[in-house]
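Scroll down for the structure; my scribbles are underneath it.
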Amino acid sequence: MSRHEHITYIGGVNWKWSREMVIQSIELKTNTFYVLDPFTGQKAYVGVVRPRDGRSPYLQTYADGKWNDNLLSLPQCP
């Protein structure tokens, strides 16, 4: 719940990318990333947020019409 937490890596089965690689891939539209809810099957797409206050871009999920921080609740990449 810290305002200073951020995603450093995103991964799945047999893959792991840095935040910077994911941001570049999303912005170049070469890949789409999402989190799949194992109970409902609903996808929450990962997007890039670019704050206007000079902070670095970061990753969040977008679901149900709003941005949220549920990536931070997932387990760390191995």
Side-chain angles (χ1 to χ4, degrees):
M1 300 305 291
S2 168
R3 293 177 45 105
H4 301 289
E5 290 181 302
H6 63 274
I7 301 300
T8 54
Y9 290 90
I10 288 187
V13 177
N14 297 321
W15 68 276
K16 182 176 175 180
W17 286 19
S18 71
R19 177 186 70 214
E20 293 81 7
M21 289 172 57
V22 172
I23 288 172
Q24 182 178 25
S25 183
I26 290 170
E27 290 183 334
L28 291 174
K29 299 182 185 340
T30 55
N31 287 289
T32 301
F33 299 86
Y34 62 87
V35 177
L36 185 63
D37 184 315
F39 301 106
T40 66
Q42 184 177 7
K43 292 179 183 178
Y45 287 92
V46 177
V48 179
V49 178
R50 290 196 167 271
R52 296 181 184 187
D53 61 5
R55 290 181 293 148
S56 297
Y58 58 93
L59 300 168
Q60 281 191 321
T61 55
Y62 189 82
D64 300 325
K66 61 184 176 185
W67 291 102
N68 60 63
D69 293 329
N70 68 1
L71 287 174
L72 293 172
S73 67
L74 296 174
Q76 288 187 349
C77 294

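FYI, side chains are in, hydrogens and waters are out, and symmetry mates aren't considered; it's all heavy atoms of this structure.
- When all heavy atoms of Pro57 and Val48 are compared, the pair lying nearest together is CB-CG1, 4.1 Å.
- Shortest non-hydrogen contact noted between Val35 and Leu71 is CG2-CD2, 3.6 Å.
- The environment of Asn14 atom CG is sparse: at most 12 non-hydrogen atoms of other residues, nucleotides or ligands sit within 6.0 angstrom.
- Taken to the nearest 0.5 Å, the OG1 atom of Thr8 stands 7.5 Å off from the CD atom of Gln76.
- Closest heavy-atom contact between Asn31 and Ser25: ND2-OG, 2.7 Å.
- In this structure, NZ in Lys16 is found 12.0 Å from CD1 in Ile10, a value given to the nearest 0.5 Å.
- The two atoms that bring Tyr9 and Ile7 nearest to each other are O-CG2, 3.4 Å, heavy atoms only.
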Gln24 vs Arg19, test: side chain to side chain contact (heavy atoms under 4.5 Å, CB included). Steps then yes/no. CA-CA 9 Å; Gln24 182 178 25; Arg19 177 186 70 214; over 6 Å; no
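- Rounded to the nearest 0.5 angstrom, Met21 CE and Ile26 CD1 are separated by 12.0 Å.
- Evaluated for a ring pair (Phe, Tyr, Trp, His ring centres under 6.0 Å) with Phe33, the options Tyr45, Trp17, Tyr62 yield exactly one hit, Trp17.
- Residues Pro51 and Ser56 come closest through the heavy atom pair CD-O, 3.7 Å.
- Hydrophobic clustering (ILVMFWY, side-chain heavy atoms < 4.5 Å, transitive): Trp15 and Leu74 are in one cluster.
- Cluster membership check: Val49 does not share its hydrophobic cluster with Leu28, using side-chain heavy-atom separations under 4.5 Å among Ile, Leu, Val, Met, Phe, Trp and Tyr.
- Within the model, atoms CD of Gln42 and CG of Leu36 stand 9.5 Å from one another, a figure rounded to the nearest 0.5 Å.
- In terms of modelled atom types and a separation under 3.5 Å, the side chain of Thr61 and the main chain of Ala44 share no donor-acceptor contact.
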